[in-house]
A.B. asks: 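My questions all concern the structure below.
Proteins come first, then strands; the chains are lettered A, B, ... in the order of their sequence lines, and each starts at number 1. Everything quoted here is computed from the prediction, not taken from an experiment.
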There are 2 protein chains.
Amino acid sequence: MSLRVRIVGTGLIGTSLGIALSRRGHTVTLSDPSPTAVALARDLGAGALPDGSEDPELVVVAAPPDVAGTVVADELRRWPGAVVTDVASVKVAVLRDVEAAGGDTTRYAGSHPMAGRERSGAVAARGDLFDGRAWVVVPHPASSERAVALVTQVGVEAGGTVSVMSPEDHDAAVAVVSHVPQVAASLVASRLRSVSDSAAGLSGQGIRDVTRIAASDPQLWTQILAGNAPAVRRVLDDLRGELAEVIAALEHLEQGDGVGAREVLARVVAHGNTGHDRIPGKHGAAPTTYAVVTALVPDEPGELARLLHDVGDAGVNLEDLHLEHGLGQPFGLAEISVLPGVAERLAEELEARGWRLHG
Amino acid sequence: MSLRVRIVGTGLIGTSLGIALSRRGHTVTLSDPSPTAVALARDLGAGALPDGSEDPELVVVAAPPDVAGTVVADELRRWPGAVVTDVASVKVAVLRDVEAAGGDTTRYAGSHPMAGRERSGAVAARGDLFDGRAWVVVPHPASSERAVALVTQVGVEAGGTVSVMSPEDHDAAVAVVSHVPQVAASLVASRLRSVSDSAAGLSGQGIRDVTRIAASDPQLWTQILAGNAPAVRRVLDDLRGELAEVIAALEHLEQGDGVGAREVLARVVAHGNTGHDRIPGKHGAAPTTYAVVTALVPDEPGELARLLHDVGDAGVNLEDLHLEHGLGQPFGLAEISVLPGVAERLAEELEARGWRLHG
């Protein structure tokens, strides 16, 4: 069943959604404060410009978090028959803004497609941006069944993996799985500002992984953190409490008074083990532990391809792959994650094909 | 020039070093409190068992951080002509233990090969464990020139990328680039313990990267953190100060008093950007920013190989590769990092070969 969808805001998310929905045969109209941005989105196949006969069943507000609520309220008023959603990465604050503006909030249910924050703008848009990414539908208690159904449908049509959460549960969840990791990565990376080049030169894969997202955009993240301030603050408070225990334990050890201090350190690392195990594996809800086969790969075009060709030839499915760099060495280390039952066979096959395996 | 090296402690590091040095033609003898461990190391080609005629020029103590200093002091006494080093990942505490035990400390200079902490034991040993990894030589003011030269030589012969630092500089550096990231990863992962399955299910690549090392061994990390307590505590104190600013800013925003609060959040994320830029790129000291081309890869044996074969065929050198999983989807996203100048051509080549690229 073809939908009539109006998209307000033709940045990365709005334009990508327009492309995805247009490809699926839905009728999409586009709106943006910038005539250039909306024309670009149209040229990219995201939809048509309104011709005066617009009559949307669903309006998707793809505006920044700090204005999304106001725009949602405007659209609710403008289209009395339409369901309205937004795609902001915080949901309580947006709902509060919608409610504060008055109007028929039964026709509103929020969304959060968890995709594509590292680049921005229509120019980076792709119709497959949401493929396989989590798309959270976030109704509030007054949301109508029709609103929830339409917003769910658009997430599914866009290619997302849809789940449903309340605004409070959503914001608490993303505080833990997204916003606090961002703060932690920034705080760890921040410490590198004051070290010598030779100290920074000792950076290995650990700090590279921990700080990868520290390269994120300050302006966007200020909006996200400010928009989810209560939930992020609660999680950071917990983190600060455990950090204080670590610091106190280290102080006791410095003063030669280590009774109980090592137990604190071991407990914090063990808690990290337990929490890390909660992250779902690739193939569904249950965490999976993969075996890792590590091979040395010469730093030349085609060598990694040859390795992975050999992995495929061995009939082994690669579950994850991580390439680690040597310091100034002419090769990298390819860490090949596979199901534990096939690791030994894979290692034998690769060695038989002349690959040097590692640790 | 062939060296006579005695290795005390045949775990992962000691055995790997023995294999590497034996392959280079050096004469290695092995010692370990466990007869099984030392026999296994011998069988793996790490060296010979002592036959009574042992006369080492260099002794490498590969014992855990909390006993390394005592063992170094024992070996200095036992072999009055030999230089002695250790491989513990903390250096001030080991030196303090060596000095406290008395004896000729001019023949001691520390080492820290930064390799291979994720698995342990001789059974995981490989002769190429140190290839391309940082190997820090850590003399103290009384170390003789001969001691520094021999310890440097062994790092080079083992395949490491050798640099020299004082014990204090070393411990301050690894606190920032290794120990504090570990604590932060554990603290972030720890927060996942109390969330619902549906919240944990929203985990994306960000938190996966930030918490990867949270899976590390609590016992080993307790020793490392306790052994570097002063330096780790100083860095964590700084981090706690910046964290307190973030929490205060979020509290102000919660209370509707956001004056200056957003500036604090933006500054912390910007500081993270600056720190992240300090991490050296692959090909030397200067950080390199790569362009990323992302392709959808069907989750079937051989598909990733085909992609990378096509990358190689295009004559483009892959600088880094990261495979991201869809949630329950039959494909992954391969993020291909390349030099910025070739990204556009690569994208065209891949699309011409039928690959679906991704925002």
Side-chain angles (χ1 to χ4, degrees), chain A residues 126 129 132 161 173 176-177 181 184 186-193 199-200 202-203 206-207 209-215 218 221-222 225-226 229-230 233 239 247 250 253-254 262 265-266 269-272 275-276 278-279 282 301-302 304-305 308-309 312 317 321 323 325-327 329 359, chain B residues 126 132 161 173 176-177 181 184 186-193 199-200 202-203 206-207 209-215 218 221-222 225-226 229-230 233 236 239 247 250 253-254 262 265-266 269-272 275-276 278-279 282 301-302 304-305 308-309 312 317 321 323 325-327 329 359:
Chain A
R126 310 286 312 202
L129 185 69
T161 301
V176 171
V177 305
S186 296
L187 292 176
V188 169
S190 182
R191 308 278 75 73
L192 284 164
R193 288 177 301 141
L202 299 185
S203 297
I207 189 170
D209 285 347
V210 171
T211 62
R212 185 180 64 83
I213 57 174
W221 274 96
T222 300
L225 297 172
R233 200 261 311 147
L239 190 154
I247 291 175
L250 294 171
L253 286 161
E254 274 184 86
R262 285 183 178 79
L265 301 177
V269 180
H271 278 178
H276 181 261
R278 296 294 311 279
I279 298 177
K282 177 183 179 187
L304 191 56
L308 295 174
H309 173 81
N317 195 20
L321 178 70
L323 191 67
H325 297 136
L327 279 172
Q329 292 283 355
Chain B
R126 310 286 311 202
T161 302
V176 171
V177 305
S186 296
L187 292 175
V188 170
S190 181
R191 308 278 75 73
L192 284 165
R193 287 176 302 141
L202 299 185
S203 297
I207 189 170
D209 285 348
V210 171
T211 62
R212 185 180 63 82
I213 57 175
W221 273 96
T222 300
L225 296 172
R233 199 261 310 148
L236 287 180
L239 190 154
I247 291 175
L250 294 171
L253 286 162
E254 274 184 86
R262 286 183 178 77
L265 301 178
V269 180
H271 278 177
H276 181 260
R278 295 294 310 281
I279 298 177
K282 176 184 179 188
L304 191 56
L308 296 174
H309 173 80
N317 195 21
L321 178 70
L323 192 66
H325 296 136
L327 279 172
Q329 293 283 356

A.B. asks: To the nearest 0.5 Å, what is the distance between CD1 on A:I247 and CG on B:L239?
C.D. replies: 8.0 Å
A.B. asks: Minimum heavy-atom separation for A:R262 and B:A226, please, with both atom names.
C.D. replies: NE-CB, 4.0 Å
A.B. asks: Is the backbone N or O of B:L250 less than 3.5 Å from a side-chain atom of A:R233, with the two atoms forming a donor-acceptor pair by type?
C.D. replies: no
A.B. asks: Out of B:A199, B:P218, B:A266, B:A173, which one racks up the most heavy-atom pairs below 4.5 Å with chain A?
C.D. replies: B:P218
A.B. asks: Which one wins on heavy-atom pair count under 4.5 Å against chain A: B:L236, B:L253, B:L265, B:D209?
C.D. replies: B:D209
A.B. asks: CG/A:L187 to CG/B:L187 distance, rounded to the nearest 0.5 angstrom?
C.D. replies: 11.0 Å
A.B. asks: Quick check on the interface: out of B:P230, B:A270, B:G206, who has the most heavy-atom pairs with chain A under 4.5 Å?
C.D. replies: B:P230
A.B. asks: Nearest 0.5 Å, what's the CD1-OG1 distance between A:I279 and B:T211?
C.D. replies: 3.5 Å
A.B. asks: Within this structure, what is the CZ-NE2 distance for the pair A:R191 and B:H271, rounded to the nearest 0.5 Å?
C.D. replies: 9.0 Å
A.B. asks: Does CZ belonging to B:R193 count more than 12 external heavy atoms closer than 6.0 Å?
C.D. replies: yes
A.B. asks: Which heavy atom in A:A200 sits nearest to a heavy atom in B:V177, and how many Å separate them?
C.D. replies: CA-CG1, 4.5 Å
A.B. asks: If I take atom NE2 from residue A:H276 and atom OG from residue B:S203, how far apart are they, to the nearest 0.5 angstrom?
C.D. replies: 9.5 Å
